[in-house]
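One structure below.
Reckoned from all heavy atoms, side chains included, excluding hydrogens, waters and symmetry mates. Since the structure is predicted, the reported quantities are computational estimates derived from the model, not experimental observations. Proteins get letters first, then strands, A, B, ... in listed order; numbering begins at 1 in each.
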Amino acid sequence: MKMIGSDYVLEAHNIFHTTEVDGGGCFNGAGNSALVLKGVNLTVHSGEVMAILGSKGSGKRALLDVISRRADGATRGQVLLNGSPLSKALFQQRCGYVTQSCTFVPGLTVAQTLHYTPTILSGYLKSSKVRQVLADLALSQVAHKRVEYLNISEARRLAIGIQLVRDPVMLLLDEPTHGLDPLSAYLLISILSNTAKKTGCGILLSLEKPRSDVFPFLDRALFLCLGGVVYSGGTRAMLEYFHGIGFPCPQLENPLMYYLCLSTVDRRSRDRFLESSQQIEALVERFSRETPISDAPLNNMGSGKVPLAYGKPGELKVWVMLYLKLLASTFSCGLVGMKTLFLRLLLLPLALSILWAFYTDVGDDSHGFFTKNGMILNILGLSYGCGILTTISLFPIWRKKFSQDTPEGLYSGTTLLIAYNSVSIPFSAVSAVIASCVVYPLLLDVKYNNGTVFAYLLVALWSSFVLAEQLTIAFLLVVKVPFNAAIAVTYVLVISIALASGTVRSFKGLQPWLQDNTKGTHTRYASSLLHSIAFQSRKLNCTPTASVICPKPADFMHERLGLPDPDETIDVAASCAFAVGLAAFNMLVYLFPMPRCVRQKFKD
Amino acid sequence: MGQEDQELLIRGGSKHPSAEHLNNGDSGAASQSCINQGFGQAKNYGTLLPPSPPEDSGSGSGQLAENLTYAWHNMDIFGAVNQPGSGWRQLVNRTRGLFCNERHIPAPRKHLLKNVCGVAYPGELLAVMGSSGAGKTTLLNALAFRSPQGIQVSPSGMRLLNGQPVDAKEMQARCAYVQQDDLFIGSLTAREHLIFQAMVRMPRHLTYRQRVARVDQVIQELSLSKCQHTIIGVPGRVKGLSGGERKRLAFASEALTDPPLLICDEPTSGLDSFTAHSVVQVLKKLSQKGKTVILTIHQPSSELFELFDKILLMAEGRVAFLGTPSEAVDFFSYVGAQCPTNYNPADFYVQVLAVVPGREIESRDRIAKICDNFAISKVARDMEQLLATKNLEKPLEQPENGYTYKATWFMQFRAVLWRSWLSVLKEPLLVKVRLIQTTMVAILIGLIFLGQQLTQVGVMNINGAIFLFLTNMTFQNVFATINVFTSELPVFMREARSRLYRCDTYFLGKTIAELPLFLTVPLVFTAIAYPMIGLRAGVLHFFNCLALVTLVANVSTSFGYLISCASSSTSMALSVGPPVIIPFLLFGGFFLNSGSVPVYLKWLSYLSWFRYANEGLLINQWADVEPGEISCTSSNTTCPSSGKVILETLNFSAADLPLDYVGLAILIVSFRVLAYLALRLRARRKE
């Protein structure tokens, strides 16, 4: 009696695919089109391992992308799973795709990484599934090892495990042995072969330089050259086929490499190039004649064989997994956890405590007013800066995972941001409280405590931090390098500080249209709060003499902010509204599909 | 149909003639004779006879063609045990030793290479093969005298050139070492790169025309003619030479001096089969000219395998086999590991000599058996006899001076200056992006502070604008310098280690080549922003401002050099730079009134270029503003009545302007000297 799900068949019939060659960036015009797949046919059954072999540019990745329904561009032909067309949703639910990049959340262990993968299973069933996958992939000994300490062989196997834990019926792998040493490559292919036979999962993988020792593990092989099929079929029949057409494999030769060289254009000289191109065209033509193209009839196996689509994990479940992953990463023991906690809790207080070295014993004469003006500028700048630094240190890894998980359809950007902000905002609030305790004595006399003024200070610091954080998250949506995103956000905030804070340039002298525009910035309201705290919420201690001038707070603030007596309630509301509003805006923006140029940037 | 099949058959038949030769040639006869004679009898599985002397050994363009036989014997190499957390453990042990007065426990050592011996002859291409961790790179580094720190070669190890022991100095004069990862400056063309290498590598008595002729000759020999005018490029960022062309360019750099011994580490990694074949063919051609070529290779195809004259198989730090590929078939058949059908012999040998996880004991036993069999084979015994006799072949010519530079100081400086100048002109990150960025920022600041009047509000705004001048000049120049300088540092470190040029010639050449740019940027910035804001009218005031801004740009650049030379990577430099700049920013007089600086931090303000520049610019702006020029409302007590009052409020004095110029100039020189010392210290530590 066959196992449940052990008789699946993946078929690709007469696949033609045209893709756009990248024009070089987001702002270039539409690139050229290129036909990258020309009539590809393949079949993979349950428990089989099929290798796609070809050199660079032969179309291996394009074929995998077409089968997984991730390819951009026009596609002709059929991809069938048990006779039914394989749609994107069906692939996402029942199949898996392992790309070359191995990105894991730092701070988690191998077992945690597998356990926090969203699956249909839960509880004891999931735990036993995780244990089984660890054993199958020879990862049990490193189950409690942190992912940042894995070597490349272990990392590859963990990436495969993340797909296997979801129990796919077909698994696609893009050059899984790239960068591995020969022994690790052999180990990986043998593990994949054993896993395929044990779980009934069909495996389709691409290889660029196959070794002799992986030949016994491959059931089928497909040789591609510039999108054309030189051969597609069983590896045993491969030797007979090539022998029959006049290319027997020499005795001491690796058949996979020998026929791969036969399928590769020789670029060493022009004559060789032309000769090998003609030979490959003849081989492709020959194979297409040997194997007539046949369109398989739809549903030929009957409706009873259609694979059951039992759905995917719910959005709430995925959110819980993301949230737990974020918490586990934050509170993990080790360097990553310490770094995360430091950035989330202590960076802002420590940065603001630097002000103590410079701003103690500031008087209330004209010198003191200028110095306090600089202190307000510093508080704003440091709050923004800490928000930027924390975000570019912690968020990019999640952004990268989001771009890799999007083709799998596991969760949306809004879900990711809700989970991220659920962890981040409480931490930033605590951090702002500590920072407010640090800064409060510099601005006010601690002998006369005032809860309202403390709340104003807290709101100013927290909203500045969160605004910088959310603005950085917005830029990280389209900017890949975190440093460049930080530079861009810094420029935006520097302009905002220059125009709206009143510390570098007065409001009063602004053009009317600029004055109105600064009302649309967070900096104006946060700066107004800080000015109120510094100049109006306490009694001045100044005695005018012949050489000492005592400016009036109302006059000073009128010159700087255009208002002698700003309304703190409006400032508090506006500051919080800007921070929260930007967070909501991010959730909206992360929901939209990315343009091709942005997706291409995050692909590797 | 029939005709086409026949054509394919003929073409396929002619594809691998050497493979047919391997099938039908001597190995069959040898195998047959082996079967007939049976086991138990010592077999002649290898030969140490050198190949016939190359016919054109005497030719050359004035270069003395030297034939070197490199032999090594009794090589035992140890390294520190690499385990996670070893840094912490060493720290804990050191702390414990400090407090408890414990005896010094020697660090545990790992036996990397165990009594390794071998020989490479002129005219031979010797390939060192083995699985990962077999010791290939360790052996190659030891042979090239380039073992990293922590690796110890036992004193009993002998490295002989033509039968005489050699040291690092002699090896540097004769050996070319091509590393696995090639490092180039991506904005140069292949020809420009080779001309630079010729200027600093070739002996100093040669004329420029002779060097260029040699460059042309090498370009021809290594098949680089088609791409000599192509930009090298940066992988993944700037498109340039292909993988094979980069490899051949790396060989060309080393081949300029026509070294008799060439050592290559993984020359085919990252290339496809045909490109790898062409690269190894270049090495083959070099060896056929009489050179001695040793290379490590990871996963050769059968075609590549047939190109090797000799192979050296390593496993677990021991020698498993040394001989020709055909002899390897006999040897492994003798030890009971015959290569099966449809198997690449190179794959098979690596597989047999690998430690398979899960079957480690069995694998180690097999490896030990194979290595022991080779140790008692005729090849090993012949090799030991050869080394024991210490043949005095052709005596080595002593180099003129040990560790001398090939080029004079001035030649080095001129070459580095020329290359840096080309790099400055071609690198878009340096010129175009910088000028566009400068223009945009200048226009932006100009718009924000457009058309200031001398009013109460205008005075404060002008002070803010002046400070933005300095902030923008500083951060812009520091980051630009860090990005460009640190990206070139790996190239410098390798070239300095190869003793192509001195540290001071590099630093001077590079900084002087970049100087015109760091004079142009402040000019563009000031010319745009100064009139837009409405700063003090007058030609003298404008040029004073320009001079101060230019000095600030160069202080920032010098500071960027210092941060770059002291940091280990670009990201570290970018992380360290801003936190170090912020304290200097605070002493500029804008965030913190100069009169309010705490006493214990006063000394730090003298290191802040913000202080000098801000003071100078404000003096330039306000010193000659007469009473009455600033319009005030009488009810406002914070309105200054004249420029002098403004300066007094900020604790500045008009008489300090010359001191500001001097301070900035001193900071430029000091930061550059410190940067040079940091670079020199770093280069010395790496050797």
Value for CG (B/L444) from CG (A/L499), rounded to nearest 0.5 Å, stands at 8.0 Å

To the nearest 0.5 angstrom, please state how far the CG atom of B/N344 sits from the CG atom of A/L256. 11.0 Å

Less than 4.5 Å to any heavy atom of chain B: does that hold for the side chain of A/Y149, its backbone, both, or neither? neither

Once you round to the nearest 0.5 Å, how far does OG1 of A/T490 lie from CZ of B/F475? 9.5 Å

Between chain B and each of A/D213, A/I495, A/L377, A/I376, count heavy-atom pairs under 4.5 Å; write down the option with the most. A/D213

Checking heavy atoms, do the side chain of A/A357, its backbone, both or neither come under 4.5 Å from chain B? both

Set of side chain to side chain contact (heavy atoms under 4.5 Å, CB included) partners for A/H178, sequence neighbours left out: A/Q100, A/R156, A/E175

Under 4.5 Å heavy-atom distance to chain A, tell me which part of B/F467 shows up: side chain, backbone, both or neither. neither

I would like to know whether A/Y186 and B/V350 meet side chain to side chain contact (heavy atoms under 4.5 Å, CB included); could you show each step before the answer? CA-CA 12 Å; A/Y186 168 85; B/V350 170; over 6 Å; no

So which heavy atom on B/I448 is nearest to which on A/A498, and how close? CD1-CB, 4.4 Å

Checking heavy atoms, do the side chain of A/T503, its backbone, both or neither come under 4.5 Å from chain B? backbone

Examine whether an atom of B/P340 lies under 4.5 Å from a heavy atom of chain A, and if so say whether it belongs to the side chain, the backbone or both; otherwise answer neither. backbone

Once rounded to the nearest 0.5 Å, what's the spacing between atom CZ of A/F483 and atom OG1 of B/T570? 10.0 Å

Between the CG atom in A/L389 and the OG atom in B/S575, the distance rounded to the nearest 0.5 Å is 8.0 Å

Between atom CG of B/L585 and atom CG of A/N378, what is the distance when rounded to the nearest 0.5 Å? 7.5 Å

